[in-house]
Amino acid sequence: MAKKLVNFMCTAFRDGFQSVFGMRVLPKDYFPAVEAAKDAGIRYFEAGGGAAFQSAFFYCNQNAFDVMDEFRSITGPDANLQTLARGINVVGLDSMSTDLIKLHAKLFKKHGMTTIRNFDALNDPQNMIVSGKAIVEAGLKHQMTITIMSLPPGCTGAHDPDFYEQTLRKVLDADVPFDSLCLKDASGTTTPAIVHETIKRMRKLIGEEKHITFHTHETAGCSVLCSMAALDAGADTLDLSMAPVSGGTCQPDIVTMWHALRGTDYVMDVNIDKVLQTEEMLKDLLKDYLLPPEATKVEPRVPWSPLPGGALTANTQMMRDNGILDKFPEVVKAMEEVVRKGGFGTSVTPVSQFYFQQAFNNVMQGKWKKIAEGYGKMVLGYFGRTPVEPDPEVIRIASEQLGLEPTTRSPLEINDENPKKQVSFYREQLKAENLPETDENIFIAAACGAKGIAFLKGEGKIGVRYKEKPAAKSASGNYEVKVNGKAYQVSLDGDKVTVSGKPYTVEVKEAGASAPASSSTASSGASVDVKAPVPGTIMKILVSEGSVVKENDPVAMIEVMKMETPIPAPKSGTVGKILIHQGDQVATDQVLMTLN
């Protein structure tokens, strides 16, 4: 009996990087490994989309369209290059209008992509109709996707085979055109039994001709078991990655899966020795990058708090940057309640980020004291219909804090009526900044906001994280130092220096380095300090010295965990000294400016 060929997509250069490095990897550092993977016989790659689009501009100072062009140049004309799209959100965290959804598909086709995997985190079929049709009309292959996860123990009402079958039937009834189907478990929490039963039913619904892909992560420790269950139920293709961005928070490794299939009725057509060589190359290329320890681990708590690998490390890295990583276990624990009360949207971007942001706010600012905008809009219906009705009290709190009424209207309908979500709006933005009004620039402005405009103006920054280099050993010993011909006897011992018998304490640092900003300053007279409520990055300064403000007027915008939050004036008055600049990293209670 002939063995069944198992196809696979190499996710290392998109989801692998996202799940380990928060997608903060410079293309020049990994493109040699793409070439090696091609030489190993791999012809199906995840090459962009999802977080890779924004991260190129936010953290790598690279144009994502240029990266896609180069990926195609390396892999050749016949490779299947796939990107990830989030339904009507496409490659952003916020939803878009019809004209921008169509522009996304048109541009990704123009820049060399073959296939777009298209999903909606709420599994709302209405959110997949326009995006799916736009993909096909642009001449791309559409991989329609059902997003899956396990609910926290004790929860029912969604995320079981009946729910997934019902979701697929609704999509099929909507006549959304598609070339293949994917079952996507971003948190890696679905059990093998549910994977098997769901794919078995899906195969029955769509027939034998269309391929089914299974996507999971090792975060909960079940990825190989679930992959085997998927194959046994009728899946054709698996998503697999390569070390050092495999296992842990990532997909299972190509080599691991190849080994697991030995002696079975399945076979993978790949030169495994060349894959091993490619992995060694990739390890060497990335040796200077900070590999977060949490990226290499299985997290047993994830089934209670379904945090995807791609969101886990991205958020721990942001918490690490802000000096609050010690709060991570508490935030993960708080996420369980946020999921239970949020309507059971699948924990995949953007919903996974909404869950984490709300859990973060509940820990840092008090339970439900600050509703994260994305989470609040989700429970109010502004991203579509959640699988079950969210908690009524959370809906009430979100409505009060955000000043929005619950809605059952289609988010696409709302967006198409919003003048600030149209191509024409972003064209005017570019014109105001004297930037070229190309389709690419319009989409960059729409998907990346102020950071996209800053990139186009040449103000982009690199936010790649490297390993800390060992501190230089302090000099010690006895020396004779001559200054203008006069000799001095100097003894060095760390930061202690003795010159001709007189001791001094010294500090040496690079020229231009400044001391960390003080977390507080002494106020004089009737001045009042405006302090950072949380650690983060100053995105905008909304006032200038001498500006008159009223109590609670926003004076600056701070970004923390991908959320922009206004910083209010604590009192009415006149802005005195502004102590920060746009782009500064600030700590909790750091003084930002004074009010007189």
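For the single chain, residues carry numbers from 1 onward in sequence order. All figures in this text were calculated on a predicted structure; none of them were measured in a lab.
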Donor + acceptor pair across side chains of [X], [Y] (<3.5 Å):
| X | Y | value |
| --- | --- | --- |
| D15 | Q251 | yes |
| T147 | T346 | yes |
| T167 | N123 | no |
| N63 | E440 | no |
| D29 | Y289 | yes |
| N415 | S95 | yes |

Check: Under the side-chain hydrogen bond (donor to acceptor under 3.5 Å, both in side chains) criterion, do R72 and T114 qualify, and how do the steps go?
Finding: CA-CA 10 Å; R72 171 58 71 190; T114 313; 2.9 Å; yes

Side-chain donor-acceptor contacts of residues 128-135 below 3.5 Å, not counting sequence neighbours, with atom names and distances?
from	atom 1	to	atom 2	distance (Å)
S131	OG	N118	ND2	3.0
S131	OG	N127	O	3.3
S131	OG	M128	O	3.4

Checklist line | side chain to side chain contact (heavy atoms under 4.5 Å, CB included) assessment of Y59 paired with M23 | finding: CA-CA 8 Å; Y59 307 120; M23 204 58 228; over 6 Å; no

Notebook entry, point to check: For S150, what residues pass the side-chain hydrogen bond (donor to acceptor under 3.5 Å, both in side chains) criterion, not counting sequence neighbours?
Noted result: none

Margin query: List the residues meeting side-chain hydrogen bond (donor to acceptor under 3.5 Å, both in side chains) with K109, not counting sequence neighbours, and say none if there are none.
Written below: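 For K109, no residue satisfies side-chain hydrogen bond (donor to acceptor under 3.5 Å, both in side chains) once neighbours in sequence are set aside.
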
Notebook entry, point to check: Quick one: salt bridge (Lys or Arg N to Asp or Glu O under 4.0 Å) pairs with a partner in residues 294-316, sequence neighbours left out?
Noted result: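 Of all non-adjacent pairs touching residues 294-316, those that pass salt bridge (Lys or Arg N to Asp or Glu O under 4.0 Å) are E294-R320, R301-E336.
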
Margin query: Suppose the criterion is side chain to side chain donor-acceptor pair (under 3.5 Å): which pairs have a residue in residues 226-237, not counting sequence neighbours?
Written below: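 Qualifying pairs, neighbours excluded: R203-D236, D232-Y266.
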
Next item on the list: Hey, could you give me each pair passing side chain to side chain donor-acceptor pair (under 3.5 Å) that has a residue in residues 267-282? Not counting sequence neighbours.
Entry: E280-K283

Note to self: Going by the rule side-chain contact (heavy atoms from CB on, under 4.5 Å), which residues pair with K341 if we only count those two or more places apart in sequence or in a different chain?
What the structure shows: E337, W368, Y375, D391, V394

Notebook entry, point to check: Who are the salt bridge (charged side-chain N to carboxylate O under 4.0 Å, His left out) partners of D439, not counting sequence neighbours?
Noted result: K106

Check: Partners of H142 by ring-ring contact (aromatic ring centres under 6.0 Å, His included), sequence neighbours excluded?
Finding: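 Expected list: none.
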
Item checked: Results of ring-ring contact (aromatic ring centres under 6.0 Å, His included) for F13 - residues two or more places apart only -> F17, Y30

Next item on the list: Run the numbers on F53 and F443 for ring pair (Phe, Tyr, Trp, His ring centres under 6.0 Å), then give the verdict.
Entry: CA-CA 11 Å; F53 188 85; F443 191 76; 5.5 Å; yes

Item checked: Qualifying ring pair (Phe, Tyr, Trp, His ring centres under 6.0 Å) pairs, either residue in residues 202-233, two or more places apart -> H215-H217

Item checked: Distance (rounded to the nearest 0.5 Å) between E197 CD and E165 CD -> 8.5 Å

Margin query: If we check side chain to side chain donor-acceptor pair (under 3.5 Å) with R117, which of these qualifies: T213, D239, T145?
Written below: D239

Only distances under 3.5 Å count here; give the side-chain donor-acceptor pairs of residues 79-89 to other protein atoms, sequence neighbours excluded, each with its distance to 0.1 Å.
from	atom 1	to	atom 2	distance (Å)
N80	OD1	T115	OG1	2.9
Q82	OE1	Y44	OH	2.6
R86	NH1	G92	O	3.1
N89	ND2	L93	O	2.8

